[in-house]
Protein chains: 2
Amino acid sequence: MQMTIGKVAERAGVGVETVRFYERKGLIDRPRRQGSAFRHYPTEAVQRIRFIKRAQDLGFTLSEIAELLDLRLEPGCTCGDIKNRAEQKAQDIDRKVRDLRRMKRSLNELISACDGKGNVDGCPILNSLGVEDL
Amino acid sequence: MQMTIGKVAERAGVGVETVRFYERKGLIDRPRRQGSAFRHYPTEAVQRIRFIKRAQDLGFTLSEIAELLDLRLEPGCTCGDIKNRAEQKAQDIDRKVRDLRRMKRSLNELISACDGKGNVDGCPILNSLGVEDL
DNA sequence: CTTGACTCCGTACCAAGGTACGGCGTCTAT
DNA sequence: ATAGACGCCGTACCTTGGTACGGAGTCAAG
């Protein structure tokens with residue numbers, strides 16, 4: 001059961017341009033064109049796009065997803081290899097969270113130093129950032 | 001005590017191109033050019049760039065920083081207006097943290113479902129992402 | 001007066017992840 | 001057979017925060 005690009009896009013919940021974009025990026029096999037100039041996709045193409053979207057939701061970038069996809073086809077690739085990628089990504093996420101929490105602590109300090117009253121001259125937030133010298 | 005762009009950049013710890021970039025973005029006043037074609041900056045320009053960098057460290061984008069800088073010059077702008085921006089930003093950060101923590105929970109589920117042994121066919125991580133249909 | 005360091009400007013380029021467009025070709029239903 | 005919907009391709013464009021480049025002008029020291 002072959003589909004044209006529009007059907008694949010629709011079923012996968014993305015735009016046609018996105019499918020072509022993924023093909024250019026090597027995330028999707030370039031489909032056979034039986035006789036015509038039109039792409040004809042097997043149903044697996046829809047699954048593939050959904051895979052990509054789910055992996056994106058987990059924080060993988062498109063090039064990491066391409067690696068994952070290539071990795072699994074390499075001879076000698078083990079389940080542990082895949083697990084390593086996932087653990088790396090979990091660590092990336094932890095780092096981002098730590099950075100954001102650090103930002104937020106600093107921001108909260110400024111916020112609590114400011115009573116929100118009065119005019120902007122002498123605002124503790126602006127002043128802590130060095131605005132008094134501008 | 002006037003400086004050329006190179007000195008300002010050096011003292012602020014950024015590149016010359018960055019200073020010009022900030023000027024184009026309206027983050028830095030365009031300096032007077034006494035007679036020559038060269039930019040001549042007052043010392044406050046260095047403080048201004050440091051302000052920008054500190055605000056960036058807190059998670060503000062350059063356009064938000066520009067707003068902050070404009071806002072403080074508007075008549076009737078209060079300290080509370082600035083505080084609101086900071087609180088908004090704190091909420092943005094919270095949202096990002098929640099998203100990341102959600103990602104990480106999902107990722108951890110996959111990781112713990114995978115013993116890391118055996119070959120890649122039947123890897124629980126890839127399978128949960130839908131790879132079995134590819 | 002020349003050399004070297006600095007600056008000028010506009011423009012192009014980078015990553016990421018797409019989106020949009022224009023001028024075609026093709027496919028399908030009526 | 002023809003209209004309308006769809007697909008083709010290459011290319012340009014978007015955002016954010018810069019970085020790089022090239023050919024010119026300028027400035028201070030020697």
Side-chain angles (χ1 to χ4, degrees), chain A residues 2-28 30-42 45-46 48-69 89 92-93 96 99-100 103, chain B residues 2-28 30-41 45 48-69 89 92-93 96 99-100 103:
Chain A
Q2 303 278 66
M3 291 164 280
T4 60
I5 195 169
K7 271 276 166 259
V8 172
E10 187 194 320
R11 297 205 183 168
V14 300
V16 167
E17 304 289 350
T18 304
V19 180
R20 295 209 315 122
F21 176 72
Y22 287 172
E23 182 182 318
R24 280 202 297 280
K25 289 283 165 177
L27 289 155
I28 298 177
R30 52 192 57 208
R32 299 275 150 227
R33 324 245 185 148
Q34 278 98 291
S36 87
F38 285 20
R39 291 168 177 83
H40 291 281
Y41 294 93
V46 175
R48 180 92 163 212
I49 294 167
R50 291 196 181 136
F51 173 93
I52 294 165
K53 286 293 169 193
R54 278 191 292 263
Q56 266 187 315
D57 287 345
L58 291 174
F60 290 94
T61 65
L62 292 185
S63 51
E64 288 164 342
I65 296 167
E67 277 179 48
L68 239 32
L69 253 9
K89 189 46 62 181
D92 289 355
I93 293 173
K96 279 184 197 148
D99 285 351
L100 288 169
M103 278 183 199
Chain B
Q2 305 277 64
M3 291 165 279
T4 60
I5 196 168
K7 270 277 166 258
V8 173
E10 186 193 321
R11 296 207 185 167
V14 300
V16 167
E17 304 288 350
T18 303
V19 180
R20 294 208 316 121
F21 176 73
Y22 287 171
E23 182 182 319
R24 280 202 298 279
K25 290 283 164 178
L27 289 155
I28 297 177
R30 49 193 58 209
R32 298 277 152 227
R33 325 250 184 144
Q34 277 98 289
S36 89
F38 285 20
R39 291 167 177 84
H40 292 282
Y41 294 93
R48 180 90 162 213
I49 294 167
R50 291 194 182 140
F51 173 91
I52 295 165
K53 286 293 170 194
R54 280 191 291 262
Q56 265 187 317
D57 288 344
L58 291 175
F60 290 93
T61 65
L62 292 185
S63 50
E64 288 165 342
I65 295 167
E67 276 179 47
L68 239 33
L69 253 10
K89 190 45 63 181
D92 289 354
I93 293 173
K96 278 184 198 149
D99 286 350
L100 288 168
M103 278 183 200

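Lettering of chains follows the sequences in order, A, B, ..., and the numbering in each one begins at 1. All values below come from the heavy atoms of this structure, side chains included, with hydrogens, waters and symmetry mates left out.
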Problem - Start and end of the DNA chain D segment that chain B contacts, any atom under 4.0 Å from a heavy atom - result: dG17(D) to dC27(D)
Problem - Which atom of Val16(A) lies closest to which atom of Gly6(A), heavy atoms considered - result: CG2-CA, 3.9 Å
Completion exercise
Students should find that the end-to-end axis angle of the helix from dC1(C)-dG30(D) to dT30(C)-dA1(D), with five pairs defining each axis and rounding to 10 degrees, is 30°
Completion exercise
By side-chain contact (heavy atoms from CB on, under 4.5 Å), Glu17(B) pairs with (sequence neighbours left out) Arg20(B)
Fill in the blank from the handout: The correct set of residues in residues 55-64 of chain A placing a heavy atom under 4.0 Å from DNA chain C is Gln56(A), Thr61(A), Leu62(A)
Problem - Arg20(B) CZ to dC6(C) C1', straight-line distance once rounded to whole Å - result: 13 Å
Exercise for the section: Report the distance from atom NZ of Lys25(A) to atom P of dG18(C), rounded to the nearest whole Å. Expected result: 10 Å
Exercise for the section: Could you tell me whether a side-chain N or O of Arg48(B) sits under 3.5 Å from a main-chain N or O of Leu27(B), the two making a donor and an acceptor? Expected result: yes
Problem - Nucleic acid contacts of residues 9-18 of chain B, taken as heavy-atom distances under 4.0 Å to DNA chain D - result: Glu17(B), Thr18(B)
Problem - Glu67(A): side chain to side chain donor-acceptor pair (under 3.5 Å) partners, not counting sequence neighbours - result: Arg85(A)
For a quick test of your reading: what N or O donor-acceptor pairs under 3.5 Å do the side chains of residues 55-65 of chain B make, sequence neighbours left out?
unit_1   : atom_1 : unit_2   : atom_2 : d
Gln56(B) : OE1    : Lys53(B) : NZ     : 3.1
Thr61(B) : OG1    : Ser63(B) : OG     : 3.4
Thr61(B) : OG1    : Glu64(B) : N      : 3.2
Thr61(B) : OG1    : Glu64(B) : OE1    : 3.4
Glu64(B) : OE1    : Thr61(B) : N      : 2.8
Glu64(B) : OE1    : Lys89(B) : NZ     : 2.9
Glu64(B) : OE2    : Lys89(B) : NZ     : 3.0

Exercise for the section: Given side chain to side chain contact (heavy atoms under 4.5 Å, CB included), test Gln34(B) with Gln2(B) step by step and report yes or no. Expected result: CA-CA 10 Å; Gln34(B) 277 98 289; Gln2(B) 305 277 64; 3.2 Å; yes
Using nucleotides 25-30 of chain C, report all nitrogen or oxygen pairs with the protein that are shorter than 3.5 Å.
none

Handout entry: Distance in angstrom units between Phe21(B) CZ and dC8(C) P, rounded
Key = 17 Å
Practice task
Return no unless some side-chain N or O of Tyr22(A) is found under 4.0 Å from OP1 or OP2 of dG17(C).
Solution key: no
Practice task
Could you state the atom-to-atom distance from CD of Glu23(B) to C1' of dC9(C) in whole Å?
Solution key: 11 Å
Practice task
Mind checking the NZ-OH spacing from Lys25(A) to Tyr22(A)? Nearest 0.5 Å is all I need.
Solution key: 11.5 Å
Exercise for the section: For dC9(C), take OP1 and OP2 only and decide whether either is under 4.0 Å from a side-chain N or O of Arg39(B). Expected result: yes
Problem - CD1-CD1 distance between Ile52(B) and Ile28(B), expressed to the nearest 0.5 angstrom - result: 5.0 Å
Exercise for the section: Mind calculating the distance between NE2 (His40(B)) and C1' (dC6(C)) to the nearest angstrom? Expected result: 12 Å
Problem - Sequence-distant partners of Met3(B), side-chain contact (heavy atoms from CB on, under 4.5 Å), two or more places apart - result: Met1(B), Lys7(B), Val8(B), Arg11(B), Thr43(B), Val46(B)
Practice task
Identify, with sequence neighbours excluded, every residue that meets side-chain contact (heavy atoms from CB on, under 4.5 Å) alongside Glu23(B).
Solution key: Arg30(B), Pro31(B), Arg33(B), Arg39(B), Tyr41(B)
Completion exercise
By salt bridge (Lys or Arg N to Asp or Glu O under 4.0 Å), Asp99(A) pairs with (sequence neighbours left out) Arg102(A)
Fill in the blank from the handout: Per nearest nucleotide of DNA chain C, the residue lying toward the 5' end, Ile5(B) or Arg24(A), is Ile5(B)
